[in-house]
Trainee: 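Below is one structure. I have some questions about it.
All values below come from the heavy atoms of this structure, side chains included, with hydrogens, waters and symmetry mates left out. So you know, we letter chains A, B, ... as the sequences are listed, proteins then strands, and number each from 1. All values reported here derive from a predicted model rather than from experimental measurement.
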Protein chains: 2
Amino acid sequence: MKNKEKVTIYDISKRLNISAATVSRALNNNPKISEKTRKLVAKTAAEMNYKQNRLAQALKKGRTNNVGVIVPYINRSFFSSVIRGIEEELTPHGYHIIICQSHEEVANEAEQINALLNTQIDGIFMSVSKTTQTTEHIKKIQEEGTPLVFFDRKIDVPGVSSVVLDDYKAGYMATDHLIKEGCRRIAHLSGDINLEIYKNRFEGFKAALKDNEIEFNPAYVIQTSSKIESGIQAVEELWELEQKPDAIFSAGDYAALGAIQELKSRKINIPKDVCVVGFSNEPFTKYMELPITSMDQTPQMMGKIAAQVFLEQVKEDKTISVEKRVVLPPELFIRNSSNRKLINLENAV
Amino acid sequence: MKNKEKVTIYDISKRLNISAATVSRALNNNPKISEKTRKLVAKTAAEMNYKQNRLAQALKKGRTNNVGVIVPYINRSFFSSVIRGIEEELTPHGYHIIICQSHEEVANEAEQINALLNTQIDGIFMSVSKTTQTTEHIKKIQEEGTPLVFFDRKIDVPGVSSVVLDDYKAGYMATDHLIKEGCRRIAHLSGDINLEIYKNRFEGFKAALKDNEIEFNPAYVIQTSSKIESGIQAVEELWELEQKPDAIFSAGDYAALGAIQELKSRKINIPKDVCVVGFSNEPFTKYMELPITSMDQTPQMMGKIAAQVFLEQVKEDKTISVEKRVVLPPELFIRNSSNRKLINLENAV
DNA sequence: TTTAATTAAGTAATCGATTACAAAAAAAAT
DNA sequence: ATTTTTTTTGTAATCGATTACTTAATTAAA
């Protein structure tokens, strides 16, 4: 694998007997260069197979046209879709995306931030990990003057823009939907309350109960992790109760799936006896034999908007700090796991 | 957002009244620097909040410690898992990963390659798109002397290393499993035969039939795309036949899922009447009410090994071109969609 | 005590592109 | 024909770190 000598603007300038400055300007379509020279340089550059060294350019310009994205995990449908949204929006602007995973560890998160800052990225997008309680590592980003945009999972840091779902409303909508299906004893499989998103979903859940004059029962709230097993356990726990729930609103799809599996193995009919609603609209929810009702977070849209917020930020004067907070509306995809009307319809046939 | 002045080695050298060269050497733990100076520099650098400018370093050293990964789609479980494997292996070596998507378009692929080469990445990992028939854009990578490793989907380019699944064996195993379950009229939902992987799965399928003295019936082969609808259509087509199949080996999980949905809606019992095997071991296959038998491609392992191949390559003398071809063994996860013994067992209870 | 060997630090070029400033060439104005 | 203006190009510094080559300082050997 021979390392072909790299062609530089100096090689072009020697060949044409002009200065490297002229070559540089010609290649950048600087209007101060005559059309004749510009075309000649362009032609020669192509002939010599010249490739601009973006490192040198970045060093000089102070911009790399790279941005970093930090997510807990890359192989979650939600996050990869957000990333795709960011990419779609930023690629046309010449940006490249460096993806990092925190694996839900704040230590990794801090390390990734450091590495990204060292690589001189032009901006950072991030969804904080579950273990992120302090903000020092995040403030470092601000100190460097690097634009930062939180998406989905944010943490309160003054001056940082964010694009999130209206999780409160989502929790409200999901619960309200269950109530409209006739459920009254609604259990909630919550996520880690340390994360704003889960807290807000929980708050929305409570608000919907209150607005419908249903008493809130703390025994119906089980904290789960986003795992199937966690959902199974939750049902085991809930079905110990005197008054069993007639609905489950899970803050995550995996826990919802586990709950459904456990309910089925107990021969409980869904949605007749118990309605189930999940959260995230993971692809599998709609492929199930019993498709699961789930809350969509419009991840790709979230990514696109986060990218737009970033673009605005770099356009603006760096000395002015503007904090922009975008809140996206959730969308409920009602499927069989909570759709009693549909079942009645089928029975009617 | 004030852009704090960047601290350079010159600032440190001025502060300590030593040369920048000494600072650089001290920071790099060069043995020619006295312990005293080394410690002093380290302390001062920390105090001044010095951050190495990796651009300048990369420009000088000719290495960026960034690698590019090009995949058709990032939000496919298989690809994101491979990426995760690459990451796990490469992060300890100080590499960062730039992820690009081709969206199955060779034009995008070429563009991404160009962009990556311009950014001076130290290596490229890629899984070619379905539309990649020519290799010119790939040869560019070689011309630059940039290490390249194909994973999963490769295309024949002399001198390029690859890490792939033994798709032939996988096809053979899947088919053999179906035969062992008593199936004789096995249909194959193949993928795009232009891709080696699908061709090999198909060949393995045929070989297993032959070895078991089952005649190959071309009517039982339907080309599908990796979509649910495609699987539904395939079953519709197959069930037009006089002799309906008693098994389906799909080269993709999504088509398998579609097939199962269609079979169920036709009240065909799985696995009693028809056994179904998918491919890729997508997460949803095991979460289904009727879990789907599927071939696992050990994606994370694939990523790790691809990374190791890359690391070997950069270690070696660049003037020697070594082509390494790794073939990984597939693993069949037998689940209810093709497990008749399990069903008999259940009935026996 | 002088010389040789070793260690530590400095000088300056380099990586490749950009750009402020200067200079030359061409065109326009007097 | 000369001066002014405009256009085009060149010179050289710069971004920040690395490193070949020297030089200075220290230690060991004669």
Side-chain angles (χ1 to χ4, degrees), chain A residues 3-42 44-45 48-66 94 117-122 144-145, chain B residues 3-42 44-45 48-66 94 117-122 144-145:
Chain A
N3 227 322
K4 209 179 181 183
E5 277 82 46
K6 297 266 159 69
V7 180
T8 74
I9 51 170
Y10 295 95
D11 299 320
I12 300 177
S13 77
K14 261 181 229 148
R15 167 91 82 97
L16 295 179
N17 250 316
I18 57 179
S19 78
T22 303
V23 175
S24 170
R25 282 191 272 248
L27 291 170
N28 286 308
N29 293 321
N30 187 314
K32 297 202 162 184
I33 294 297
S34 71
E35 190 59 17
K36 206 179 73 182
T37 329
R38 207 185 57 70
K39 277 193 175 153
L40 181 64
V41 169
T44 316
M48 297 176 77
N49 194 26
Y50 166 79
K51 292 245 173 57
Q52 188 198 47
N53 184 322
R54 285 190 58 217
L55 287 179
Q57 188 192 38
L59 177 61
K60 191 80 230 297
K61 285 201 168 176
R63 298 188 309 113
T64 54
N65 268 48
N66 286 137
L117 292 178
N118 280 345
T119 334
Q120 313 266 105
I121 35 69
D122 294 349
E144 296 279 328
Chain B
N3 229 323
K4 210 180 182 183
E5 275 83 45
K6 296 266 159 67
V7 181
T8 72
I9 52 170
Y10 295 97
D11 299 320
I12 300 177
S13 78
K14 260 179 230 151
R15 168 91 81 98
L16 295 178
N17 247 320
I18 56 180
S19 78
T22 303
V23 175
S24 170
R25 282 190 273 249
L27 291 171
N28 287 308
N29 293 320
N30 186 314
K32 298 206 162 182
I33 294 295
S34 72
E35 190 59 18
K36 207 181 71 182
T37 328
R38 207 185 56 71
K39 278 192 175 155
L40 180 66
V41 170
T44 316
M48 297 177 76
N49 192 26
Y50 166 78
K51 290 246 173 58
Q52 189 200 46
N53 184 322
R54 286 191 58 220
L55 285 180
Q57 189 192 37
L59 177 59
K60 191 80 229 300
K61 287 200 166 175
R63 298 188 309 111
T64 53
N65 269 45
N66 286 137
L117 292 177
N118 280 346
T119 335
Q120 312 268 104
I121 35 71
D122 294 348
E144 296 279 326

Trainee: Judged by atom type as modelled, is there a donor-acceptor pair below 3.5 Å linking the side chain of A/T44 to the main-chain atoms of A/L40?
Mentor: yes

Trainee: Side chain to side chain contact (heavy atoms under 4.5 Å, CB included) with A/T8: which residues, sequence neighbours excluded?
Mentor: A/Y10, A/D11

Trainee: With a 3.5 Å distance limit and no angle check, can you tell me whether B/D122 reaches the backbone of B/R63 through a side-chain donor-acceptor pair?
Mentor: no

Trainee: Applying side chain to side chain contact (heavy atoms under 4.5 Å, CB included), can you list everything that pairs with B/R25, at least two apart in sequence or on another chain?
Mentor: B/A21, B/N30, B/I33

Trainee: I need the residues from residues 12-25 of chain B with at least one non-hydrogen atom less than 4.0 Å from DNA chain D; give them sorted by number, or say none.
Mentor: B/A21, B/S24, B/R25

Trainee: Run the numbers on B/I9 and B/Y50 for side chain to side chain contact (heavy atoms under 4.5 Å, CB included), then give the verdict.
Mentor: CA-CA 8 Å; B/I9 52 170; B/Y50 166 78; 3.6 Å; yes

Trainee: Excluding sequence neighbours, so at least two apart, what forms side-chain hydrogen bond (donor to acceptor under 3.5 Å, both in side chains) with A/N17?
Mentor: none

Trainee: Just verifying a value: how many Å separate A/T22 OG1 and A/I12 CD1, rounded to the nearest 0.5 Å?
Mentor: 12.0 Å

Trainee: Which nucleotide of DNA chain D is the first, and which the last, in the 5' to 3' direction, to come under 4.0 Å of a heavy atom belonging to chain B?
Mentor: D/dG16 to D/dA20

Trainee: The criterion is side-chain hydrogen bond (donor to acceptor under 3.5 Å, both in side chains); which residues satisfy it with B/S13, sequence neighbours excluded?
Mentor: none

Trainee: Let's see if you get this right: which residues in residues 30-40 of chain A place a heavy atom under 4.0 Å from DNA chain C?
Mentor: none

Trainee: List for me each residue that meets side chain to side chain contact (heavy atoms under 4.5 Å, CB included) alongside B/N118, sequence neighbours excluded, and say none if there are none.
Mentor: A/K51, A/R54

Trainee: Rounded off to whole Å, could you give me the CG-to-P distance for the A/L27 and C/dT19 pair?
Mentor: 13 Å

Trainee: For A/T37, give me all partners under side-chain hydrogen bond (donor to acceptor under 3.5 Å, both in side chains), at least two apart in sequence or on another chain.
Mentor: A/S34

Trainee: Please list, chain by chain and in numerical order, all residues satisfying side-chain hydrogen bond (donor to acceptor under 3.5 Å, both in side chains) with A/N66, sequence neighbours excluded.
Mentor: none

Trainee: Which residues pass the side chain to side chain contact (heavy atoms under 4.5 Å, CB included) test with A/Q120, not counting sequence neighbours?
Mentor: A/T64, B/K6, B/N53, B/L55

Trainee: With each end axis built from five pairs of C1' atoms, what bend angle do you get for the helix from C/dT1-D/dA30 to C/dT30-D/dA1? Round to 10°.
Mentor: 60°

